[in-house]
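Down below is the structure, laid out as structure tokens.
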Amino acid sequence: MAYVIPAPAQATLPVVGSDDEFPVHRIYCVGRNYADHAREMGHDPDREEPFFFMKSPDNLMPCGGDFPYPSKSNDVHHEMELVVALKSGGDNISEDAALDCIFGYAAGLDMTRRDLQGEMKKAGRPWEIGKSFEYSAPCSAINPASGIGHPASGRLWLEVNGETRQDGDLNQLIWNVAESISYLSSLFTLAPGDLIYTGTPAGVGPVVKGDKLHGTIEGIGEIEITVV
Ligand code: MN
């Protein structure tokens, strides 16, 4: 069997402490998962049902680097996030079994064309053009859970040109990692290779060309991009 066109390249992320790569299947993202960020976006931080959107695996920017300012936007925002990488999946996974599906964790940025997202929200249209564009998913190497366990707390923060813009703790997640996996698996069949961007703490804001972003999650990883 041959393909009638060249087969698309498999998106991958490096793995801390290994020469082997992690193959990426889908990229799920959780919306409004920190109360202070929900508030800054003008929403009630009460624990309503989680909601999700997706990015395309080829939106990944492994280990950061130069982030080209995307087209059609004048308001591109940073969102610093914990990323979960799955080694197994399924449907209707219980919260008790959810952590067993995790291969490891990474530090990611959910880059967002906020102006386009806002227009789509207002029109009741899908968020794709605000969220799923080229280079919109910078992500660090994956740190295997076999080495670091399943951190339920830990500081995550983002500096822009050396100034701290976002600062939170994983213990502030409205829907924790096990709950997010369980809920997602009631909507989609989760699979090995899936990534989940788990949401961002408060302090999101615009970037401009020349900005250097440096995000860190204590005990998990770091991600750096330069806006070009
Ligand atoms: Mn986000």
Side-chain angles (χ1 to χ4, degrees), residues 13 24 26-45 47-57 59-61 64 67 70 73 75-86 105-121 125-140 154-160 164-177 179-181 183-184 187-188 194-207 211 213-217 220-225 227:
L13 287 171
V24 176
R26 293 179 183 163
I27 304 178
Y28 297 98
C29 305
V30 189
R32 250 172 257 155
N33 205 15
Y34 288 79
D36 53 354
H37 172 63
R39 266 185 226 102
E40 78 178 347
M41 298 301 287
H43 296 280
D44 188 338
R47 202 169 192 261
E48 41 182 43
E49 303 274 274
F51 70 93
F52 306 96
F53 57 91
M54 288 194 215
K55 295 189 187 239
S56 174
N59 298 153
L60 268 180
M61 218 185 142
F67 169 81
S73 178
D75 195 25
V76 174
H77 279 207
H78 53 73
E79 297 190 359
M80 178 65 203
E81 310 202 359
L82 170 72
V83 179
V84 178
L86 300 189
Y105 297 88
L109 284 163
D110 164 15
M111 300 303 287
T112 301
R113 293 195 273 216
R114 190 73 74 204
D115 42 1
L116 299 189
Q117 183 198 23
E119 287 169 23
M120 293 302 106
K121 274 186 189 172
R125 290 181 181 159
W127 287 11
E128 261 73 13
I129 61 171
K131 288 291 194 179
S132 185
F133 53 90
E134 315 322 318
Y135 304 99
S136 62
C139 191
S140 74
R155 185 181 174 216
L156 75 163
W157 73 101
L158 179 76
E159 292 169 16
V160 179
T164 303
R165 293 275 185 87
Q166 293 191 260
D167 203 348
D169 194 287
L170 301 178
N171 65 18
Q172 297 165 340
L173 283 167
I174 296 173
W175 293 91
N176 68 29
V177 170
E179 290 168 334
S180 296
I181 290 172
Y183 198 97
L184 255 180
L187 294 164
F188 303 100
D194 286 346
L195 299 181
I196 305 169
Y197 278 64
T198 57
T200 195
V204 300
V207 299
D211 278 350
L213 281 62
H214 183 185
T216 310
I217 308 180
I220 291 176
E222 297 181 39
I223 182 76
E224 279 187 89
I225 64 170
V227 183

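Counting convention: from 1, in listed order, for ligands and their atoms alike.
- Residues passing the salt bridge (Lys or Arg N to Asp or Glu O under 4.0 Å) test with Asp167 are Arg155, sequence neighbours excluded.
- Excluding waters, the set of protein N/O/S atoms under 2.8 Å from the Mn ion (ligand 1) reads Glu79 OE1, Glu81 OE2, Asp110 OD2.
- Salt-bridge check for Glu79 with Arg114: passed, with a basic side-chain N closer than 4.0 Å to an acidic carboxylate O.
- Below 30°, between 30° and 60°, or above 60°: for Tyr28 and Phe188 the angle between ring planes is between 30° and 60°, a tilted geometry.
- Applying the ring-ring contact (aromatic ring centres under 6.0 Å, His included) rule to Tyr135 yields no partners; only residues at least two apart in sequence or on another chain are considered.
- Closest approach of Arg165 and Pro206 over heavy atoms only: NH1-O, 3.9 Å.
- With sequence neighbours left out, Asp110 forms a salt bridge (Lys or Arg N to Asp or Glu O under 4.0 Å) with Lys55, Lys131.
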